[in-house]
Amino acid sequence: PTPAPQHSPRTVTCYHCRRRFDVPGRAMSISCPWCSRRVTLDDLFVRDRCWTSRLQTCGRIVVHRRGLVNARVIEAMEGIEIQGSVEGSVVSGGPVVLGPGARLRGDLAAPSVSIASGAIIEGGLLRIAAGLPPAHDAPRSRPGSAHAQNATTPDVVAHPALRVRW
């Protein structure tokens, strides 16, 4: 992954504890003031193969047409754009866009999903709801908790030629 430069100050969401905080514009990574864990701030661009256990950022992840990501956890707090191939558990705090040649294999959780004609989604669970699910390294919330009760109407845009396999 290649980071994109960021220069203006901004507010980000920690992918470990889900709390928001302000960061300097030129910072590439920082420790969360709430949970003290290190977080990546930059947008990440995947142009070729990327095998890792976790690909996480407080920014966006863009997987280019020839990009391939294979990770247990793929998490971006500002959104994910997939033109290539992704395999793993995808969590996004922003919109997920699947381009015409995109292939997603695994779980997906996001507030909205846009799926172009020709995109392929294989297997896994699909969660489209406002708000973020619990962090992968955080304790799970119980049914009936405040987090579970904050679901709203999902926003899904799909083309009639969409191919979804389970």
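Index from 1, following the sequence.
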Sidechain-backbone polar pair: [X] side chain, [Y] backbone, donor-acceptor under 3.5 Å:
X: T57; Y: D43; answer: no
X: T40; Y: D42; answer: no
X: Y15; Y: V91; answer: no

Kindly compute the distance separating [atom1] ([X]) from [atom2] ([Y]), expressed to the nearest 0.5 Å.
X: E75; Y: L55; atom1: CD; atom2: CG; value: 10.0 Å
X: Q56; Y: I74; atom1: CD; atom2: CD1; value: 10.0 Å
X: R18; Y: R20; atom1: CZ; atom2: CZ; value: 12.5 Å
X: S89; Y: R54; atom1: OG; atom2: CZ; value: 9.5 Å
X: S53; Y: R72; atom1: OG; atom2: CZ; value: 6.0 Å
X: M77; Y: S92; atom1: CE; atom2: OG; value: 7.0 Å

Residues 59-68, side-chain donor-acceptor partners within the protein, below 3.5 Å, at least two apart:
none

Pair up each side-chain donor or acceptor in residues 96-110 with any protein partner under 3.5 Å, not counting sequence neighbours, and list the distances.
unit_1, atom_1, unit_2, atom_2, d
R103, NE, E122, OE1, 3.1
R103, NH1, S85, OG, 3.0
R103, NH2, E122, OE1, 3.1
D107, OD1, L125, N, 2.8

Can you name the closest pair of heavy atoms from [X] and [Y] and give their distance?
X: C14; Y: C35; result: SG-SG, 3.7 Å
X: A119; Y: I115; result: CB-CG2, 3.8 Å
X: S112; Y: P95; result: OG-CB, 3.4 Å

Exercise for the section: For F21 and V12, run side chain to side chain contact (heavy atoms under 4.5 Å, CB included): C-alpha distance rounded to whole Å, both residues' side-chain angles, the deciding distance at 0.1 Å, then the answer. Expected result: CA-CA 6 Å; F21 60 98; V12 298; 3.8 Å; yes
Exercise for the section: State, with a plain yes or no, whether a side-chain heavy atom of V23 is found less than 4.5 Å away from one of V39. Expected result: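 V23 vs V39: side chains apart.
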Practice task
Could you check S29 against R38 for side chain to side chain contact (heavy atoms under 4.5 Å, CB included), going step by step and ending with a plain yes or no?
Solution key: CA-CA 7 Å; S29 65; R38 199 84 177 146; 3.2 Å; yes
Practice task
Apply side chain to side chain donor-acceptor pair (under 3.5 Å) to E87 and list each qualifying residue two or more places apart in sequence or on a separate chain.
Solution key: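 Once residues adjacent in sequence are excluded, E87 has no partner under the side chain to side chain donor-acceptor pair (under 3.5 Å) criterion.
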